[in-house]
Amino acid sequence: MELEKAYEPQRFEPHWAEWWVASGIFHADPHAPGPRFSLAVPPPNVTGSLHIGHMLDHTVIDTATRWHRMRGDNTLFLPGTDHAGIATQMLVERSLAAEGLTRREIGREEFVRRVWEWKEKYGNRITSQMKRIGDSCDWSRERFTLNPDLSHAVLEAFVRLYERGLIYRGTYMVNWCPRCSTALSDLEVKHEDTQGSLWHIRYPVNGSSRYLVVATTRPETMLGDTAVAVNPADPRYQDLAGQTVTLPLMNRPIPIIFDEIADPKFGTGVVKITPAHDPNDLEAGKRHDLAQIKVIGEDARMTAEAGPYAGLDRFEARKRIVADLEKEGLLEKVEPYAFALSKCDRCGTIVEPLISTQWFVKTKPLADKAMAAVNEGRIQFVPDNWNRTFFNWMENIRDWCISRQLWWGHRIPAWHCGNCNKITVAREIPKACTHCGSAAIEQDPDVLDTWFSSSLWPFSTLGWPADTDDLRAYYPTTLMITGFDILFFWVARMMMMGIELTGDVPFRQVHMHGLVRDPERKKMSKTKGNVVDPLDINEKYGTDACRLWLLMAAAPGTDITYNEDKLNSARQFCNKLWNAARLLLMNMESSGVESSLPEPGQLEALEDRWIFSRLSRTAEKVNRDLEQHRYHEVAEELWQFFWHDFCDWYLEIKKLRLSPGSGLTNDWRNLLAVFSAYLRLQHPILPFITEELWHRFGQNTSIALARYPQVGATDETAEREMDLLQDMVTAARKLKADNGLDDKMELAGVLYCRNGASKVELPVLERLGKVKLEVRTGAAPVLTGAVRSTTYFDLLLQLPEVDRDALRERLVKDTDKLQKLILKIDGQLGSEKFLNGAPPHIVDELRSKRADYIAQIQKNRDTLDGL
RNA sequence: GGGCGCGUAGCUCAGUUGGUUAGAGCGCCUGCUUCACACGCAGGAGGUCACAGGUUCGAGUCCUGUCGCGCCCACCA
């Protein structure tokens, strides 16, 4: 049995996306108590693109899941997730590419059909629930008829919220994207700081030669002005009560009103009021009973109300209006002005605030309940610095516009009556208006914001509103893992909807990880073209290496910068693991040991006592860090243990002890037991390589079903003795390196030992350090030539030639450093406050450190004298 | 305008409640094609932890301020 020389992930790792699709894997007993998990990626009705950030989600949740599973928390489940959905889309796209086709060419329906075909193939139970929900969406261009049988959750949620008065229809100012031709919620609007202009326009006061000067960033809206406002407390305009101004270009008289909306300190203190095109003005307009004149339409062109400018694009109209004002001498000045421009998150088009009739969710009562859940600790954010952000948003939340004028999505289950104009909201397609009985009813053409159905995700996937076994077993879920970028879009809304509709929180803990950024630390986005395709890096470095990199980089509260160097070193780690296994298998063959992972033998040899002690400490820390979602620490700790303890020292010593034909000795038992424990510790992070090795060592059940190592005994004596051995070996190597010698050249020397240091196992020391030593006790009498000293020993080597200058330099530098440290310690030890204030063990430590430093300095001096 | 976070070795970043001579990976220098691994081994150089104060016996870690950077939220003409 021999392994391939290098780690070749492609040989045994399933393709990441493929495996991802199948990853609703851990269906243990659904009715046993214990933690439950959910993944965090928007469902596929949001046809997003897959990027490396999704792989982070998936890696973190999968790692957590495997760990719990191995610890014996046997009710792990991945409900309500659609990583699989998105991964499937990618696979379909790839298979299309192989056929030379694109998604667009085959059309939406065919694409969706293929996606479901893939999902069926994997028989994923979650995705089949997804299918039910997906089928209720309209994927065709013809406005569809909602099939109530297939959309229980969305339909039911809408109707219940409507009945409770939490959904209403109203006419308000909404964000309108002229390109997408739909209303947008506040969250879908991005503000971009822009350098624009502030136009100052003169409005002539009727019956006088006075002008009122108003400033605006959007001159085209002036056509819809129905008043100008001044602050009631502004002394400059007290005499204008009851007067009017003439709206330039339109030659319409409009009143001067007194309203707090005008800030006397800003500009001239006069504001134009355009109720149809500005939310503040709309409010002011309502207070003063002003007309709403809509001069810009849904298509971003000027309406008939815009008189001579009707039909012009809004920006073309702006140019003309400014020019015309200038011609008439009504443009006082133009000054540069920085303000936030609102753009559509999806397409970047400048959003137009328009008065329009839309459906809204009344969020305040829902937000209150969600905030209470966090306050009472029923939902916990990890790390908890997200609390503040969460509360800040929730406290200032505005009603959520949920209707969209798109051609696909869940259609709103509301019917308008042609007779009485009232609305019928129903679970079944109604035959007549419930208010007047008229059959002249028509379904509302709008569809729901995709985030509406997403917010139901934690329970809609489990069969809600039916009282299913799944729902009882898996709701609420234990842990929600996601990037912070969708805290508001999704997490907060799941909390609100979950609590409102089921009476319980959707999840107990939310772990928020960072975002993956490009090497310039910019957020990855398709429009910027700086996305890294996870499939590419997966193919290049391997799934496990990607996971390891992501986890090592994902310190809580920080973002990840995409960095190929780190990715590469993660792959090198995998190779190291692979090759250590290779060493074991090769030697097992020559020793006549079967490929198996036995229980440990007697712990007698120093390296065995030491490595098991280190293993215990590692296991303890790793378990603790996994519990606290400190995955980067886990990865770091396991890296350190394996590479620098296990490979660098333990394996090197064990290689000295193994011999051909020995059979399963005590050395082999311990070696294999440590390796076995390590594979299990590492499995949640590196599932594929560990699984593969597990089987190559003769196991025939999955390592995912094995026991996760827990805290064991530590052996401080062994750790101290090992430290000493390492120091001695290192001293020998350094002596050689200092004098320009190859470290494998064998040299003779004398080792002077004190304080029990002579207990060291000489043959091991000699072979690792490539030296031949005579051991004496006590201090070296006179230190001449090549020597390395510690408080425990002096190592003197017979060198062909000693670089005395280099030695002297090193000793002087070292002494200097030590003296500075002693100075610092003396400062503390000399202070009464320190001696009284510091804990005794700290004082003791400092004292013994000081003694060590003094001794080292003395050694250095002696050596210098000897030179 | 409000909120969050960052500034630690040439680069990318760790550093949980303040307490060994501040760490890792990459890069760099020196020596090694040693029979697990050159995706490697041994050794080394490199940091006044952005700056200025403060609290403390003790500060990369806590407080205040300054400078530089990033992100989120926000209807002020």
Side-chain angles (χ1 to χ4, degrees), chain A residues 3 5-7 173 186-187 191 198 214-218 229 261-263 266-268 270-274 278-283 337 339-340 342 353 385-386 388-389 392-393 396 398 484-485 487-488 515 517 519 521-523 552-553 555-566 568-587 624-625 628 630 632-633 636 639-640 647-648 651-652 655 730 733-734 736-738 740-744 817-818 820-821 824 827-839 841-843 845-846 848-849 853:
Chain A
L3 295 183
K5 186 165 175 183
Y7 158 67
M173 186 72 57
D186 295 330
L187 279 179
H191 303 277
L198 195 57
V214 302
T216 180
T217 53
R218 303 179 60 215
I261 191 173
D263 176 0
F266 188 91
T268 56
V270 186
V271 190
K272 62 196 260 317
I273 304 294
T274 322
D278 182 281
N280 287 319
D281 294 4
L282 179 63
E283 290 308 309
Y337 189 72
F339 66 105
S342 301
N385 54 338
W386 289 105
R388 225 186 152 109
T389 312
N392 186 40
W393 189 71
N396 298 308
R398 298 167 69 204
F484 64 79
D485 53 330
L487 175 62
F488 306 133
L515 262 39
R517 298 183 182 280
R521 276 195 223 134
K522 297 257 161 42
K523 185 172 165 178
M552 290 191 82
T558 64
D559 285 345
I560 297 176
T561 311
Y562 178 70
N563 182 329
E564 284 214 38
D565 280 352
K566 290 200 174 179
N568 195 46
S569 73
R571 192 190 60 181
Q572 284 162 354
F573 181 85
C574 292
N575 186 59
K576 186 77 177 175
L577 177 56
W578 186 257
N579 274 289
R582 187 162 168 255
L583 166 76
L584 294 185
L585 289 170
M586 287 167 78
N587 279 286
R624 195 175 60 232
D625 288 336
Q628 296 171 1
R630 299 180 61 81
H632 69 301
E633 297 272 18
E636 187 78 43
W639 181 301
Q640 167 67 31
C647 290
D648 288 354
L651 277 186
E652 290 305 320
K655 281 201 301 200
T730 306
R733 289 171 180 165
K734 280 178 176 170
K736 292 179 199 173
D738 282 351
L741 298 174
D742 184 348
D743 66 289
K744 73 181 179 211
K817 201 161 109 186
L818 290 168
K820 276 181 195 149
L821 290 170
K824 197 173 153 193
Q828 283 186 263
L829 286 177
S831 150
E832 278 300 315
K833 279 186 186 168
F834 173 71
L835 296 176
N836 297 331
H841 74 274
I842 297 290
V843 179
E845 265 173 42
L846 270 191
S848 88
K849 248 190 290 176
Y853 297 162

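- Between the side chain of A:Asn396 and the backbone N or O of A:Asn392 there is at least one donor-acceptor pair closer than 3.5 Å.
- Look at A:Gln572 and you'll find a side-chain N or O under 4.0 angstrom from OP1 or OP2 of B:rG40.
- If you check distances only, the side chain of A:Glu652 never reaches the base of B:rA42 with a donor-acceptor pair under 3.5 Å.
- The residue A:Ala581 sits apart from the nucleic acid: no heavy atom pair falls under 4.0 Å.
- Between the side chain of A:Asn280 and the base of B:rC75 there is at least one donor-acceptor pair of N/O atoms closer than 3.5 Å.
- For A:Asn563, counting side-chain heavy atoms from C-beta on, the closest listed nucleotide (B:rG15, B:rC75, B:rU12) is B:rU12.
- When the side-chain nitrogen and oxygen atoms of A:Arg733 are compared with OP1 and OP2 of B:rG44, none of them lie within a distance under 4.0 Å.
- Remark: side-chain polar atoms of A:Asn836 are paired, donor with acceptor, to backbone N or O of A:Glu832 under 3.5 angstrom.
- Residue A:Lys817 is classed as a base contact, given a heavy-atom separation below 4.0 Å to a base.
- Within 4.0 Å of A:Lys849, counting heavy atoms only, lie sugar-phosphate atoms of the nucleic acid but no base atom.
- Between B:rC13 and A:His632, no contact under 4.0 Å exists linking OP1 or OP2 to a side-chain N or O.
- In this model, the phosphate group of B:rG44 is approached by a side-chain N or O of A:Lys734 to a distance below 4.0 Å at OP1 or OP2.
- The residue A:Asp263 sits close to a base: some heavy atom pair falls under 4.0 Å.
- Nucleic acid contact for A:Tyr337: sugar-phosphate only, since backbone atoms but no base atoms lie under 4.0 Å from a heavy atom of the residue.
- When heavy atoms are screened at a 4.0 angstrom cut-off, A:Arg624 is found touching no nucleic acid atom at all.
- Among the heavy atoms of the strands lying under 4.0 Å from A:Ile261 is at least one base atom, whether or not backbone atoms are also near.
- Considering only the side chain of A:Asp648, B:rC41 comes nearest among B:rC41, B:rU34, B:rG15.
- Taking only side-chain atoms of A:Lys833, from C-beta outward, the nucleotide of B:rU12, B:rU20, B:rC57 with the closest atom is B:rC57.
- A:Pro839 comes within 4.0 angstrom of a base, heavy atoms only.
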